[in-house]
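Worksheet: the structure to be examined is printed underneath.
Chain identifiers are assigned alphabetically (A, B, ...) following the order of the sequence lines, protein sequences preceding nucleic acid strands; residue numbering begins at 1 within each chain.
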2 protein chains.
Amino acid sequence: MISGGDRMAQVDDNDDASRDASTPRDTGTLGKLMVLLDLVTHSDAPLRFTDILALAGQPRGTLHRQLGHLVEEGLLEIDAEGRYAPGLRLLDLASRSWARNEFRLIAAPHLAALHRETGETVHLGVLRGSSIIYLDKVEGHQPVRMYSQIGNASPCYCTGVGKAALSVLTADKLSELLRSLHFNRFTSATHMNAETLLAEIRDIVSVGHAYDREEHEAGIRCVAAPIWSDDRSFIGGVSVTGPAYRLSMELLQAWAVPVQMTARKIMDEMRIRLGPRR
Amino acid sequence: MISGGDRMAQVDDNDDASRDASTPRDTGTLGKLMVLLDLVTHSDAPLRFTDILALAGQPRGTLHRQLGHLVEEGLLEIDAEGRYAPGLRLLDLASRSWARNEFRLIAAPHLAALHRETGETVHLGVLRGSSIIYLDKVEGHQPVRMYSQIGNASPCYCTGVGKAALSVLTADKLSELLRSLHFNRFTSATHMNAETLLAEIRDIVSVGHAYDREEHEAGIRCVAAPIWSDDRSFIGGVSVTGPAYRLSMELLQAWAVPVQMTARKIMDEMRIRLGPRR
DNA sequence: AAATAAAGTTCCAAATAATGGAATTTTTCG
DNA sequence: CGAAAAATTCCATTATTTGGAACTTTATTT
């Protein structure tokens, strides 16, 4: 179906919990096209027309015209074998979106400072639905594969930034989100139900920071602090991440202070630059 | 403020020469929505409803619903003041598009090698219409601002990769593209007409590499080599870029060899991995 | 604080674009 | 070459979008 030979072990969390397949979208023609765009971008190899036909379950004629429109607009591309892949227009649109993002611009110098202080990778993320979208990253001197993280949508229930973000949701929004979650096991430490997750969130609320104890990726730990606007319409977080062999839980605990201070500084500046209510 | 008196000719063709110039955009509802998305992402500040109303020249009711759909799908976002900005969903889509791009994956190790050899910034770009879209970048040890370059669309007539790409277009495609170009002065060295550009392209064809002599940005030089598929359905390029004070034209000339060799290696591997025809 | 203006939102008959089943063409493969 | 699969085109029907106007909310002025 979805292409036979999948070489390279594309490590992918997939899961897209922020949008539920069962919930129909009420955005008319655009919604239907975005479903297709998601289908193609979430696949890990280009899809042939027939593959998409099977996945989308639409009439041939309809699907053909829809894909044609997406290609025409550069959102999809057809390769030499007639298979559909994500289009480069997405890159152009996204680079503009990223370059001007106010939150990222405000946070950038503080992320750099936190990186200097800890020497480990620093992440900035935003809560969107039930996913964390990483907006920025400051890391060491390895040949960086930045896009591998920036723009990536990861589940909120197994990342430091995600759990920190959940801890500042209003009670009703939190329970609503918890109800809609479906859990995916990434490691043996991944939360697999709302009860244990909620219990940890209560702890996070009281201490003001969250840990990822190898819950998303084996061997990777992090400590994170939430960032939120006064009216909670905007929620994100900042984290310091690294390999477990180098980052003991004690060390992470010590870093909780600078991480929280970084979050605080970013929030202070947001109030100045974006106004106090938001 | 943004919108001054610039009432943007609707079918401005922005940059896509790959689209047949004679046929107007015929992607129905999607096409209309993409015009709006472009409007908002190309602005350099969030736009209010009324700003967009003036720019798009559509009836209030229509525009309102269209923007609503774009917001609903996460392609646009509304900030606290009710202004429209590019949405984060674009980042998620783009990161997937980038992560799986075969050309980039093939080229990556060769870019790294070229960077090691020269010590300067290496770029990988693809010709899209009359723009170069940068797909990857390898640079020094500064805190990297990758998105600032990756995904960026730059004009083909004033960048090294762009001119290198033009040099491998078929004669008819080249003249078609040259006809559709409108030139924008970035520096005193920027080509401002098709004649001088075409003259330089002839030189590039004969030597196999192109220079950017501070034509896009003052103080920045580069040397680039084209990369193309046998059937010319795919055209891009690789370059080494740096500050003019450090990169004399003599040094760039010396680097033309490794840059061309890098391009050659990438093309060889493309033939193996993607098949010889394409 | 009331009046006024501007911005934003909702409504619904008419216009337009999308739909989908089937026919047709092209490509692939034995 | 011939058969099967895949991709593409066609067009009457159906659903979505359209756009003018009425309406509500927010900002500005007196």
Side-chain angles (χ1 to χ4, degrees), chain A residues 1-5 24-37 39-40 43 45-73 75-85 231 233 275-278, chain B residues 1-4 10-11 20 23-37 39-40 43 45-73 75-85 231 233 274-278:
Chain A
M1 292 299 204
I2 307 180
S3 99
R25 303 178 196 203
D26 188 31
T27 45
T29 303
L30 178 62
K32 295 167 198 163
L33 292 173
M34 291 304 290
V35 170
L36 293 181
L37 193 53
L39 258 176
V40 176
S43 151
L47 296 172
R48 288 172 314 163
F49 180 83
T50 317
D51 298 327
I52 304 176
L53 187 64
L55 291 167
Q58 294 210 69
R60 310 176 75 73
T62 300
L63 182 66
H64 191 264
R65 183 184 33 76
Q66 289 173 328
L67 291 174
H69 284 175
L70 289 168
V71 169
E72 186 74 21
E73 290 296 336
L75 299 174
L76 291 182
E77 285 176 12
I78 310 192
D79 68 14
E81 285 90 30
R83 299 173 310 178
Y84 292 84
D231 64 1
S233 66
R277 14 190 67 251
R278 194 197 118 99
Chain B
M1 262 304 234
I2 305 85
S3 51
Q10 200 61 293
V11 184
D20 207 36
T23 36
R25 204 181 264 214
D26 185 31
T27 45
T29 304
L30 178 62
K32 296 166 196 162
L33 292 173
M34 292 304 289
V35 169
L36 293 181
L37 193 53
L39 258 177
V40 175
S43 152
L47 295 172
R48 288 173 314 163
F49 181 82
T50 317
D51 298 327
I52 304 175
L53 187 65
L55 291 166
Q58 293 211 70
R60 309 171 77 72
T62 300
L63 182 66
H64 192 262
R65 183 185 33 77
Q66 289 173 329
L67 290 174
H69 284 174
L70 288 168
V71 168
E72 186 73 23
E73 289 296 336
L75 299 174
L76 291 182
E77 286 177 13
I78 310 191
D79 68 14
E81 286 90 30
R83 299 173 309 179
Y84 292 84
D231 64 2
S233 67
L274 306 177
R277 24 185 62 251
R278 196 196 117 97

Taking any heavy-atom pair under 4.0 Å as a contact, classify B:Thr50: base, sugar-phosphate, or nothing.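 Sugar-phosphate, backbone atoms only, no base.
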Indicate whether OP1 or OP2 belonging to [N] is found under 4.0 Å from a side-chain N or O atom of [X].
X: B:His64; N: C:dT9; result: yes
X: B:Thr29; N: C:dA18; result: yes
X: B:Gln58; N: D:dT17; result: no

Walking DNA chain D from its 5' end, the first of B:Pro59 and A:Arg60 to be reached, judged by nearest nucleotide, is A:Arg60
For A:Leu30 and for A:Gly61, find the nucleotide of DNA chain D with the closest heavy atom, then tell me which residue's nucleotide is more 5'.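 The residue closer to the strand's 5' end, by nearest nucleotide, is A:Gly61.
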Whole angstrom value for the distance that separates [atom2] of [N] from [atom1] of [X]:
X: B:Leu33; N: D:dT16; atom1: CG; atom2: C1'; answer: 12 Å
X: A:Leu67; N: D:dT9; atom1: CG; atom2: C1'; answer: 15 Å
X: B:Arg65; N: C:dC11; atom1: CZ; atom2: C1'; answer: 12 Å

Intermediate values then yes/no, side-chain contact (heavy atoms from CB on, under 4.5 Å), B:Leu36 and B:Leu63: CA-CA 9 Å; B:Leu36 293 181; B:Leu63 182 66; 3.7 Å; yes
B:Arg48 side chain, from C-beta outward: closest of D:dA7, C:dG8, D:dT18: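 When the side chain of B:Arg48 is considered, C:dG8 is the closest of D:dA7, C:dG8, D:dT18.
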Measuring from the side chain of B:His69 (C-beta onward, heavy atoms only), which nucleotide among C:dG8, D:dT8, D:dT17 has the closest atom?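 Of the candidates, D:dT17 comes closest.
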Reading DNA chain C from 5' onward, which residue's closest nucleotide shows up sooner: A:Thr62 or B:Gly82?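 Final value for this comparison: B:Gly82.
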So, do B:Thr29 and A:Leu33 sit near enough that their side-chain heavy atoms are less than 4.5 Å apart?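 No. Closest side-chain heavy atoms not under 4.5 Å.
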Can you check whether A:Val40 reaches A:Leu70 side chain to side chain, under 4.5 Å on heavy atoms?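 They are not in side-chain contact.
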Could you go through A:Tyr84 and A:Val71, starting from their C-alpha distance and side-chain angles, then the distance that decides it, and tell me whether this counts as side-chain contact (heavy atoms from CB on, under 4.5 Å)? CA-CA 9 Å; A:Tyr84 292 84; A:Val71 169; 3.7 Å; yes
